[in-house]
Amino acid sequence: MDADVLVVGTGLAGAAAARALAEAAWRVRTLDKGRGPGGRLSTRRKQAGGFDHGAATLQASTPAFAGWLAEEVAAGRAAPWGEAYVGLPGMSALVAGLLDGLDVHWSVAVAALQFEAGQWRAVDAEGRVVGAAPAFLLAVPAPQALALLRASALSNDVVPPQMLEALAGIRYAPCWAALLEAEPSAERRLRDSGPGDVVEAIYREADKPGRSNSGHWLLHATNAWSEANLEADAGTVALRLRDAFIARTGIGPEAIRDVSAHRWRYSRPLGILDPVPLESAGLVLAGDAFGPPALTDVPPAERAWLSGRAAAGRLIAARQPKS
Ligand SMILES: Cc1cc2nc3c(=O)[nH]c(=O)nc-3n(C[C@H](O)[C@H](O)[C@H](O)COP(=O)(O)OP(=O)(O)OC[C@H]3O[C@@H](n4cnc5c(N)ncnc54)[C@H](O)[C@@H]3O)c2cc1C
């Protein structure tokens, strides 16, 4: 299919952008290296249900994002949970809803970009062209955007050196997540599940609306612990986080059937970057690290959504005939 725009990365930012562009009648082709929708809002499927092992909830601080979440509640893809929101039946449903009906390609890792005669091309590690379009929207975490742009032989007028420098300045906090399957009857005996040295938060999936996987628990480690153990192997981390879980919940080891760990190398950005002055040649950037300074205190997932919509708006505005 001929596309007007290529979107690489379809987490919340890329998916929100893709939806906005499709609503403006653009032909959109999306590519993502993941096996299914979500990015950092992924839901890991297991026989007994899912684990929201990325963001466990979403918070809304702007009317625009709150309005979208209200629409998602009405559509049955989200539910309020206290002052936050969760996707139904898992967090990834929110991204899946945005991509519904679009030309979406999973398990496609883009290794390099080319720009020639007004056309962007995305190339995989085998050198195959996996997408081409005159406009290009890159919606991956800033360090991955930097790696991709550096791996591409693009001229300075297409990707100005200032863009690469600015991307290099964006750091992310890592987060190790542990996915624990316990006996469904296992009850927390200790009340404290708030932050500590190792544990940032513990969630029982079945406490959220619309879940019945009562044996599924999710533990997020603190940024400091995750940073200190970032390069440890996942098996070792899983056992250490299982011990922290036991200490914090009072659920005994005999009640834990399985534990695995997932490393989020880029969980939340530690700063943000206004991409607008750096963009050119039909390339725009989106993601939770991007936005004007006014969005600094907005929760990262909300910023990802806002940045995706804003990036789509810039592409649409650039194509309008000048009067
Ligand atoms: C453990 C954890 C807890 C969090 N808690 C919260 C919270 O409470 N509140 C909150 O607001 N936010 C939270 N966040 C952050 C939130 O999840 C993110 O801000 C948001 O999901 C980012 O969306 P995104 O689209 O910018 O990036 P992503 O979701 O990372 O999407 C990027 C996509 O790009 C794809 N990709 C990357 N490189 C390539 C490539 N070369 N080729 C093809 N595809 C590629 C990836 O597969 C991915 O799907 C949390 C994140 C984590 C990990």
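Remember, it's 1-based here, ligands and their atoms both numbered in the order they're listed.
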Using a plain distance cutoff, I'd like to know if Asp32 has any nitrogen or oxygen under 3.5 Å from a nitrogen or oxygen of ligand 1.
yes
Does any N/O atom on Ala304 come nearer than 3.5 Å to any N/O atom on ligand 1?
no
Does the side chain of Gln114 come under 3.5 Å of the side chain of Ser152 through a donor N or O and an acceptor N or O?
no
Taking the inter-plane angle between the rings of Phe51 and His216 on a 0 to 90° scale, is it parallel (under 30°), tilted (30 to 60°) or perpendicular (over 60°)?
parallel
Atom 20 (C) of ligand 1: the protein heavy-atom neighbour that sits closest, reported with distance to 0.1 Å
Ala301 CA, 4.1 Å
Can Glu227 and Arg265 be counted as an ion pair, charged N to O under 4.0 angstrom?
no
Pick from Ala13, Ala55, Ala142: the one approaching atom 52 (C) of ligand 1 most closely through a non-hydrogen atom
Ala55
Residues Arg77 and Glu72 bridged, charged N to O under 4.0 Å:
yes
Quick one: which ligand 1 atoms are inside 4.0 Å of a heavy atom on Gly34?
47 (O)
Going by the 4.0 angstrom heavy-atom rule, the piece of Arg268 near ligand 1 is side chain
Over 60° means perpendicular and under 30° means parallel, so classify the ring planes of Tyr203 and His220, tilted if in between.
perpendicular
Asp274 side chain near Phe290 side chain, heavy-atom distance below 4.5 Å
no
Which residue supplies the protein heavy atom nearest to atom 42 (N) of ligand 1, what is that atom called, and how far is it?
Val110 N, 3.0 Å
Under 3.5 Å, side chain of Arg29 to main-chain N/O of Val130, donor-acceptor pair present?
yes
With a 4.0 Å cut-off, would you call Arg303 and Asp288 a salt bridge?
no
Counting from 1, what ligand 1 atoms have a heavy atom of Ala109 closer than 4.0 Å?
42 (N)
Output the list of atoms in ligand 1 that are nearer than 4.0 Å to some heavy atom of Thr57, sorted by atom number.
7 (C), 8 (O), 9 (N)
Could you identify the single nearest non-hydrogen protein atom to atom 15 (C) of ligand 1 and state the distance to 0.1 Å?
Ser267 O, 3.6 Å
Could you go step by step and tell me if Asp52 and Arg211 meet the salt bridge (Lys or Arg N to Asp or Glu O under 4.0 Å) rule?
CA-CA 11 Å; Asp52 295 327; Arg211 274 96 167 147; 2.7 Å; yes
Distance under 4.0 Å to a non-hydrogen atom of Gln144: what atoms of ligand 1 satisfy this?
37 (C), 38 (N)
Using a 3.5 Å cut-off on N or O atoms only, is Arg40 in polar contact with ligand 1?
yes
Give yes or no for whether the N/O distance cutoff of 3.5 Å, strictly under, is met between Pro141 and ligand 1.
no
Does any N/O atom on Ala56 come nearer than 3.5 Å to any N/O atom on ligand 1?
no
Just to be sure I read this right, does ligand 1 sit under 4.0 Å from the backbone of Lys33, its side chain, both, or neither, counting only heavy atoms?
both
Atoms in ligand 1 flagged as close to Gly9, the criterion being non-hydrogen separation under 4.0 Å:
33 (C), 34 (O), 35 (C)
closest protein heavy atom to atom 9 (N) of ligand 1 is Gln59 OE1, 2.9 Å
I need the contact type for Ala139 against ligand 1. Using non-hydrogen atoms and a strict under-4.0 Å cut-off, is it side chain, backbone, both or neither?
backbone
Counting from 1, what ligand 1 atoms have a heavy atom of Val140 closer than 4.0 Å?
34 (O), 36 (N), 37 (C), 38 (N), 39 (C), 45 (C)
Quick one: does Val8's side chain get under 4.5 Å of Phe136's, heavy atoms only?
yes
Below 4.0 angstrom from a heavy atom of Pro299, which ligand 1 atoms are there? Numbered from 1 as shown, please.
11 (O)
Between Ser226 and Asn223, does any side-chain donor sit less than 3.5 Å from a side-chain acceptor?
no
Passes side chain to side chain donor-acceptor pair (under 3.5 Å), Gln59 versus Ser61? Steps please.
CA-CA 7 Å; Gln59 307 81 32; Ser61 70; over 6 Å; no
Assess the residue pair Asp4 and Arg319 against the criterion (salt bridge (Lys or Arg N to Asp or Glu O under 4.0 Å)); give the C-alpha distance rounded to whole Å, side-chain angles, the decisive distance to 0.1 Å, and a yes or no.
CA-CA 11 Å; Asp4 299 313; Arg319 206 163 80 164; 3.8 Å; yes
Sub-4.0 Å atoms of ligand 1 with respect to non-hydrogen atoms of Gly39:
29 (O), 48 (C), 49 (O)
Going by heavy-atom distance to atom 18 (C) of ligand 1, choose the closest among Asp288, Asp52, Leu94.
Asp288
One residue to check: Val108. Relative to ligand 1, which of side chain, backbone, both or neither has a non-hydrogen atom less than 4.0 Å away?
backbone
Trp120 vs Phe115 aromatic rings, parallel, tilted or perpendicular, using cut-offs 30° and 60°?
tilted
When you measure from atom 1 (C) of ligand 1 to every protein heavy atom, which one gives the shortest distance, and what is it?
His220 NE2, 3.3 Å
